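Reviewing the structure listed below.
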Amino acid sequence: MRLCQVLSIVKYLLPAALAATACAQTFSGSPLLDQTVEQAIADDRIPGAVLLVGHNGQIIHRKAYGKRALVPAAEPMTLDTIFDVASLTKVVATTPSLMKLFEQGKFRLNDRITDYLPEFQGGKSDITIRNLLTHFSGLRPDLTLEPPWSGYQTGIRLALLDKPAGPPGAHFVYSDINFILLGELVHKLSGQMLNDYARTQIFEPLGMYETMFLPPPALTPRIAPTERLTPNGAPLRGVVHDTTARYMGGVAGHAGLFSTAADLARYCQMMLNRGQLEGARLFSPLTIEKFTTPQSPPDQPILRGLGWDIDSPLSGNRGELFPIGSYGHTGFTGTSLWVDPVTGTYVILLANSVHPHRRPPITALRAKVATITAAALGVDAPGVAITGYNETIAGPGLRREVNRTAHTLTGLDVLAADHFQPLAGKRIGLITNATGVDRAGHRNIDVMRAANVKLAALFSPEHGIAAAQDQANVGNTADPSTGIKVYSLYGKADRPTPEMLGGLDALVFDVQDVGAHFYTYETTMAYAMEAAAKSKIPYFVLDRPNPITGVHAEGPLLDRDQLSFVGYFPLPVRHGMTIGELARMFNGENHIGANLTVVPMKDWQRGDWFDATGLPWIDPSPNMRSLNAAILYPGVAMLEYAKNYSVGRGTDAPFEHIGAAFIHGPELAAYLNAREIPGVRVYATRFRPASSNLAGATIEGVRFVVTNRDVFDSTRFGLEIAAALVKLYPGQIDLDANAKLIGSTAVIKALAAGDDPREIQQRMTDDVAVFLKMRQKYLLYPETP
């Protein structure tokens, strides 16, 4: 009842809708949250805390724990305690101030900081505002503090003169100097000091009346004290804890802000509302999107927004379940906030863990709080696909890089528009499966029959006509809709026999490929082309997109002595060609002699990912369930012939995670992340395959999130996985069993010898270059400029 009274009296602390509903909420995670925070207090990890959780526009958990102060006298923690939020200053004051100025056209993110602060490095620096906001500037973590100095201008002068420790864009170094400079940028662009600008432009419009720099003495009794600077001295109280900010007089871009949980709740709700609160709009939704999605260099595995943390060594307060795509920040004094747009949730944990002395970081406590919260909401990060960040959406397919919206017409669509004239009067055998649909989703079988094409026989590749059977042999059947016989080309026969072709005037191939040499549909197409050549009947291939683009070609190349049904031609693992282009290459290079016609697509460019085509995604096979899986497939599947190892078959996310009884998930994840593989992040997981390798066993492993698919080299990643398993778990993975998948005996030997995957990849460069030159004459779509 006391909480409801507080909410009713202090209406400005929370949106009216939140105040009206907060008391009525019963959050199932609250008991475990209480237990976790109280245990941290009992273990002397923190003296006390305020924890506030919001979800779907309501406060679902809000509670004060322990003590606000321990010395010189004990004081109970209260909900209205004001905290020194330390580095939350970066995202609650400096970042939104810059968002305001950004919307006003005062700067561009790729502008050099010297354009606005010409004294920086004597005007000679390539560091951009984006570099500063993402902590990829190369500047040191902090200014030199010895001997002591004082004054705002002194701090700015030292920041302007501080020598970078490395080049911009090369490495992530969390640096207060970045935000000291950005705070001064606010001053230069607005004509106001950061504290005044943030107050008038951010805090007051949002009703954050207890958020401020330099709090007045009247508020001191409610401020949580921090550290004692001398063993028996009074703790800092109302004076910023951060030494640099204190030397600068209490106002700086990196630290110095004081706030309450209720005020921060208003700020977080505004962010979730995409820039508005209670009818007042502070930012455009596009600005919110821009600042909270990945903006770090594309070849870096660490994800930072503009000011915000997304996925880095510092984002432990995301916990284990909130998905990539959420964002937040921490403060050294023990403060943190995390915001998840997917579930409409934020978690604010305010503690003064540095009172009356410094304790170890409370990373584990923050993570537990976030994980408990997410679990109670029914959130499971592996089930949330957050992969589209260069768009203004966060949806399936992390940087989706959809550079254009195409209206791609497949070969089937093109032929249908021509009323199937090349097939007129012929008895047709159609090789297809469930992927054989037109742009509107109609089956090729039905579209052809409606156009009076004489379909006399159907043929299916691996997985059958419905692309749903996951077994070694698939038998002949009949199309349930038309009754036409379906000959399986993945059973007793792997190619059409003369008997099957009897009475046919032409064969047509219309199946969606995925772009890796060991995807058997490519071999089925080639074997059928050979059969058509022998029977002297025309062979048509209706082209379809390479879903993982036509610009990425990645070795190893398949050795000729490894050719098989999972590798028809000496291609790189990822070849970057369409199925129609492959048909032209196979016919030409292998001298098949087929009477081949490839019906090209319209409005498809080599750089297009499948989700840019506007075509419907239909699972090409039972375990190829998303574009994300297809991107990972060329690398992850390179080891799937090892019997004691799972690539996720029999789970809900094949090829998006791996596991084995011998794998220790956290160890493997840490190792692979430390390799800084561009475009991907790795997370420990557990899963239980229902079928395939290790069926019924709960195993540890790692899960993969593609963060930038345009720089992600899937086969480099496959080599990194193989090298990691060889190094961490000697003798456990059978490389030779995967020879037909990896494709190169030399690469297998190099992996077994412990060679660095980057060196192995470098050795493949010449072979890939020869392949690229050879494929030129078979390409149907020009190279992307």
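The analysis underlying the following values was restricted to heavy atoms, covering all of them including side chains, and did not include hydrogens, waters or symmetry mates. From a predicted model like this one, the values you see are computed outputs, not experimental measurements.
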- Could you label the plane-to-plane angle of the F136 and F172 rings as parallel, tilted or perpendicular, counting under 30° as parallel and over 60° as perpendicular? tilted
- Task: Classify the ring geometry between H187 and Y152 as parallel (under 30°), tilted (30 to 60°) or perpendicular (over 60°).
- Result: perpendicular
- Task: For atom CZ of R281, decide whether the heavy atoms of other residues, nucleotides or ligands shown that lie under 6.0 angstrom number more than 12.
- Result: yes
- Over 12 non-hydrogen atoms of neighbours within 6.0 angstrom of NZ in K368: no
- Task: Kindly give the heavy-atom pair with the smallest separation between T89 and A252, and that separation in Å.
- Result: CG2-O, 3.8 Å
- Which pair of heavy atoms, one from T226 and one from H355, lies closest together, and at what distance? O-ND1, 2.8 Å
Within this structure, what is the [atom1]-[atom2] distance for the pair [X] and [Y], rounded to the nearest 0.5 Å?
X	Y	atom1	atom2	value
L282	M270	CG	CE	5.0 Å
I82	L219	CD1	CG	4.5 Å
L33	K63	CG	NZ	10.0 Å
R359	R45	CZ	CZ	9.5 Å

Any sub-3.5 Å donor-acceptor pair from [X]'s side-chain atoms to [Y]'s backbone N or O?
X	Y	result
D84	V240	no
R366	L349	no
T333	N352	no
T95	K90	yes
T81	A224	no
N673	R681	no
H55	T343	yes
R237	I223	yes
T345	D340	no
E119	R157	no

Indicate whether any N or O donor in one side chain lies under 3.5 Å from an N or O acceptor in the other, for [X] and [Y].
X	Y	answer
Y683	D311	yes
T78	R68	yes
W338	D309	no
Y174	S312	no
T244	D142	yes

Is [Y] close to [X] at the side-chain level, that is, under 4.5 Å between some pair of heavy atoms?
X	Y	result
N708	P294	no
L158	T154	yes
M193	F213	no
T287	K290	no
T128	I113	no
I302	P313	yes

- Kindly indicate, with the supporting measurements, whether the criterion side chain to side chain contact (heavy atoms under 4.5 Å, CB included) is fulfilled by S326 and V342. CA-CA 7 Å; S326 50; V342 173; over 6 Å; no
- Query: Looking at the rings of F102 and F291, which for Trp means the six-membered one, are their centres under 6.0 Å apart?
  - Reply: yes
- Message: Are F83 and H241, when compared by the centres of their aromatic rings, separated by less than 6.0 Å?
- Response: no
- Item | Salt bridge flag under 4.0 Å for residues R199 and D196 | yes
- Query: For V92, which of L337, T335, D263 qualifies under side-chain contact (heavy atoms from CB on, under 4.5 Å)?
  - Reply: L337
